[in-house]
There are 2 protein chains.
Amino acid sequence: MYQAFMNLAEDKRQAIINAALKEFSINHYATASTNRIVSNARISKGILYHYFGSKKNLYLFLYDYTTTIFSEALNRQIDLAEPDIFKRYQQIMKIKVDLMKQYHALFDFLKKTFAETSSEVRDELNHYNATIQKNAYAKAFEGIDISLFRENLDIKKAIDTIQWVTDGISHRYEERLKAHVDNQELFNELIEQCMEEASEYFLFLKTLLYQ
Amino acid sequence: MYQAFMNLAEDKRQAIINAALKEFSINHYATASTNRIVSNARISKGILYHYFGSKKNLYLFLYDYTTTIFSEALNRQIDLAEPDIFKRYQQIMKIKVDLMKQYHALFDFLKKTFAETSSEVRDELNHYNATIQKNAYAKAFEGIDISLFRENLDIKKAIDTIQWVTDGISHRYEERLKAHVDNQELFNELIEQCMEEASEYFLFLKTLLYQ
DNA sequence: AATTACATTGACCACAGTAGTCAATTTCAA
DNA sequence: TTGAAATTGACTACTGTGGTCAATGTAATT
């Protein structure tokens with residue numbers, strides 16, 4: 001399926017994927033416009049429908065594609081021998097930003113799919129959601145050594161805190177990253193800064209939470 | 001301005017405000033539909049335009065209205081004599097959930113205005129943004145006693161962490177709250193749970209961050 | 001009862017944008 | 001040169017848009 005599309009030259013294929021991801025991450029399914037997608041991807045209307053047949057197929061293709069590359073990246077690149085939860089989080093962050101270098105709107109798109117309510121696609125999203133994504137993300141935290149934490153510490157609250165601090169730093173950079181998606185150099189520099197800042201906060205949390 | 005609207009019976013006025021806030025919090029300005037607003041508020045198209053004149057006026061009225069009631073609530077209800085940052089956060093949370101009981105989509109709407117890019121309204125939003133809102137929110141943290149924190153603690157990181165944990169708990173309840181906006185009893189119960197859970201996490205953070 | 005002034009309705013309008021189609025053209029390997 | 005596949009973009013039927021306005025309802029005043 002989608003063979004003609006997959007045989008395309010890589011840069012053209014990515015331009016189409018990125019234009020579509022961006023459109024579906026800004027608008028929900030019903031209001032997203034295939035006209036804007038072809039205009040931003042600089043292709044004709046006809047060829048998009050030649051590749052995907054319908055807006056619905058395009059959307060579901062994107063969902064399949066993004067969940068697959070994300071979960072495969074997690075499976076391939078997470079080092080399950082690493083018992084330190086902070087280092088695990090850094091691995092996950094690294095995987096995410098590397099993917100974002102290629103597909104800027106990838107995680108905005110996935111986030112949007114969680115809130116998608118359009119009856120035309122909702123059911124088929126849930127099918128995937130339940131299986132691939134949760135498993136991959138859960139697996140990314142397998143084998144964490146909780147004995148590294150201070151004694152008598154509420155582990156659940158500690159882990160939630162680490163998660164929320166990670167989210168907070170990401171949010172802090174999101175806006176600036178979005179504003180510079182077209183300047184590769186600046187974009188990469190911001191990503192470096194974000195990773196660096198995360199390290200500092202992790203060090204801070206480590207002194208609080210670890211023995 | 002908007003006199004006729006403000007003289008309306010309170011329940012009718014609130015129905016219109018809530019329908020509009022919901023529409024503008026789900027869609028951005030350009031794709032939000034006045035047809036859906038009048039349909040959800042159970043009023044005629046004509047009367048909405050009699051009250052507000054245009055979609056743009058309606059939107060800016062809502063922005064003015066919500067920022068005003070929020071900043072006034074902060075000014076009126078925050079106890080600046082309270083030096084404990086956790087208690088201050090709890091005060092802010094209380095103010096927010098009380099407002100949400102009346103206007104469910106209030107903070108979703110305000111959040112959306114930050115990301116609004118439509119040229120038709122962007123300039124006039126920034127005008128407000130710079131002044132009212134930031135000041136009121138900054139004032140809510142005036143007079144915090146940082147000597148309550150452990151010695152040698154990175155205060156900025158500590159405060160960020162508290163903020164992000166607060167955000168995290170809020171997010172955790174957001175979805176469920178949205179799913180039950182029409183069941184007042186359950187809605188209020190969820191709010192109680194959320195405040196209770198925040199207390200627990202604040203206690204957890206206190207043992208880590210305070211002397 | 002008649003008058004007046006305002007509140008409210010909803011059918012209606014011109015228009016913009018939609019998903020999808022398809023005859024015509026281009027591309028390119030055989 | 002041929003033929004098949006890739007690609008174009010004008011086109012269609014249609015849906016939904018912000019906004020209007022003649023008509024009607026409402027209620028207080030004379």
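Since the structure is predicted, the reported quantities are computational estimates derived from the model, not experimental observations. In what follows, chains are A, B, ... by sequence order, proteins preceding strands, each numbered from 1.
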Could you tell me whether B:Lys87 and B:Asp79 make a salt bridge, using a distance below 4.0 angstrom between a side-chain N and a carboxylate O? no

Salt-bridge criterion met for B:Lys112 and B:Asp108 (N-O under 4.0 Å): no

Out of C:dT8, C:dA19, D:dG19, which has the shortest distance to the side chain of B:Lys12? C:dT8

Among C:dT8, C:dG20, D:dG18, the one nearest any side-chain atom of B:Leu8 is C:dT8

Short side-chain N/O contact from A:Ser44 to OP1 or OP2 of D:dT7, under 4.0 Å: no

By nearest heavy atom, map A:Gly46 and A:Ala32 onto DNA chain C; which one lands nearer the 5' end? A:Ala32

Pick the nucleotide of DNA chain C nearest each of A:Gly53 and A:Ser33; which residue has the one closer to the 5' end? A:Ser33

From the options A:Phe70, A:Tyr29, A:Tyr59, A:Tyr103, select the one residue that forms a ring pair (Phe, Tyr, Trp, His ring centres under 6.0 Å) with A:Phe109. A:Tyr59

Spacing of [X] atom [atom1] relative to [N] atom [atom2], expressed in whole Å:
X       : N      : atom1 : atom2 : answer
B:Asn35 : C:dA11 : CG    : P     : 12 Å
B:His50 : D:dG18 : NE2   : P     : 20 Å
B:Met6  : C:dA7  : CE    : C1'   : 18 Å
B:Lys45 : D:dG19 : NZ    : P     : 8 Å
A:Tyr49 : D:dA5  : OH    : P     : 23 Å
A:Lys56 : C:dT18 : NZ    : C1'   : 18 Å
A:Tyr51 : D:dT8  : OH    : C1'   : 12 Å
B:Asn7  : C:dT8  : CG    : P     : 11 Å

What contact category does [X] fall into here, base, sugar-phosphate, or nothing, at under 4.0 angstrom with non-hydrogen atoms?
X       : answer
A:Lys55 : sugar-phosphate
B:Arg36 : sugar-phosphate
B:Ala30 : nothing

Here the pair of heavy atoms bringing A:Lys55 nearest to A:Ala32 is NZ-O, 2.8 Å

Looking at B:Phe5, is its backbone amide N or carbonyl O close enough to the side chain of B:Arg13 to form a donor-acceptor pair, meaning the two atoms are under 3.5 Å apart? no

